[in-house]
K.L.:
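The structure under discussion is supplied below as structure tokens; questions concerning it will follow.
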2 protein chains.
Amino acid sequence: MKPDALRGHLDALLLATLDGAALHGYAIIEALQQRSGGALDLPTGTVYPALRRLERGGLVASEWATVGGRQRRTYRLTSAGRKALAGERTAWREFTTAIDGVLGGGPWPTPA
Amino acid sequence: MKPDALRGHLDALLLATLDGAALHGYAIIEALQQRSGGALDLPTGTVYPALRRLERGGLVASEWATVGGRQRRTYRLTSAGRKALAGERTAWREFTTAIDGVLGGGPWPTPA
DNA sequence: TCTCCATATGTAGCCGAACTACATGTAGGT
DNA sequence: ACCTACATGTAGTTCGGCTACATATGGAGA
């Protein structure tokens, strides 16, 4: 997977991962690996800043917890985040429809 | 459509547009509008440099032509470009499969 | 014990592709 | 004369994801 492919779609991935369950950053990375069938292996330097950005935007909220002596910052969707996720899903559908329309299934016939 | 969404997928779009027909830049932009159902309206500042980049990479080749007093640089796929297009189509399928796997159809059930 | 790995979070700085804005010129319609 | 469509192109900005690094705990194994 070329690195730039995710540009503009990362927010949707993070929001979707938090849909239905609050997770901490490291667990989000693992969840993305699993749900993508191993295709997505995001570095921490990508995920953690993105989560802070989403928090600044009010789409997620976080709380600290200590589990087994380890510090965890657990993120959950806010109501604004849920709305944003719905928008992201729609945008994703429109985006893939547009690209699929161009990529089609092969060469286009020369118009008669 | 948020601007960054195209990141990393533009090459595939351009190559696919040239698959089966040689076109000049302006016509490529119009073809992308049509085939995407109006969703893609790429500025010339995006398309022309991208075509030059593809030409530098040997994926397309161009020839000048004069049509109705207007200069046109017509691009066509090279054999390397055809191979690259096949790769791009595969990458696109893998990419959408990965993202769809994460976005799913809604909230994920808590594992029992 | 010491080392290594998995777990867990985070920052600084770079890279580069797509965008904005601009510049240039022809043809045709009003 | 003016505007729009056609047609190509460059300069510079933007900014999000990446690389690389820094930090710290717990557990397994040599």
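Each chain gets a letter, A, B and so on, in the order its sequence line appears, and its residues count up from 1.
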K.L.:
Is there a donor-acceptor contact under 3.5 Å from the side chain of Arg89(B) to the main chain of Leu103(A)?
P.N.:
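Present.
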K.L.:
Categorize Gly45(B) for me: base, sugar-phosphate, or nothing, with a 4.0 angstrom heavy-atom threshold over every strand shown.
P.N.:
base
K.L.:
Looking at dG17(D), I'd like to know if its phosphate oxygens (OP1 or OP2) sit under 4.0 Å from a side-chain N or O belonging to Arg53(A).
P.N.:
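For Arg53(A), the contact criterion (side-chain N or O under 4.0 Å from OP1 or OP2 of dG17(D)) is met.
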K.L.:
Please tell me if Arg73(A) has a side-chain N or O lying less than 4.0 Å from either OP1 or OP2 of dG10(C).
P.N.:
yes
K.L.:
Choose from dG16(D), dA8(C), dA7(D) the nucleotide whose nearest atom is closest to any side-chain atom of Asp4(B).
P.N.:
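Closest of the options to the side chain of Asp4(B): dG16(D).
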K.L.:
Judged by each residue's nearest nucleotide on DNA chain D, which is more toward the 5′ side, Gly25(B) or Arg7(A)?
P.N.:
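The residue closer to the strand's 5' end, by nearest nucleotide, is Gly25(B).
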K.L.:
Ignoring hydrogens and angles, tell me if any N or O in the side chain of Ser62(B) forms a donor-acceptor pair with the backbone of Thr74(B) under 3.5 Å.
P.N.:
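No, the answer is negative, given that no donor and acceptor are paired below the 3.5 Å cut-off.
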K.L.:
Using whole Å, report how far CG of Leu42(A) lies from P of dT19(D).
P.N.:
11 Å
K.L.:
Could you tell me whether the side chain of Glu88(B) and the main chain of Leu15(B) form a donor-acceptor pair under 3.5 Å?
P.N.:
no
K.L.:
When you measure from the side-chain N and O atoms of Thr44(A) to the phosphate of dT9(C), is any distance below 4.0 Å, counting only OP1 and OP2?
P.N.:
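False: Thr44(A) side-chain N/O out of range (4.0 Å or more) of dT9(C) OP1/OP2.
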K.L.:
Between Asp41(A) (CG) and dC18(D) (P), how many Å, whole number?
P.N.:
10 Å
K.L.:
Under 4.0 Å between a side-chain N or O of Arg72(B) and OP1 or OP2 of dA7(D)?
P.N.:
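Yes, such a contact exists.
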K.L.:
Map Pro49(A) and Val67(A) onto DNA chain C by nearest heavy atom, then report which one ends up closer to the 5' terminus.
P.N.:
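The 5'-side residue here is Val67(A).
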K.L.:
Mind checking whether His9(A) and Phe95(A) have parallel, tilted or perpendicular rings, split at 30° and 60°?
P.N.:
tilted
K.L.:
Distance check: side-chain N/O of Arg52(A) vs OP1/OP2 of dT9(C), anything under 4.0 Å?
P.N.:
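The answer is no; no side-chain N or O of Arg52(A) sits under 4.0 Å from OP1 or OP2.
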K.L.:
Using whole Å, what does the distance between atom C1' of nucleotide dA8(C) and atom OH of Tyr75(A) come to?
P.N.:
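Value for this atom pair: 12 Å.
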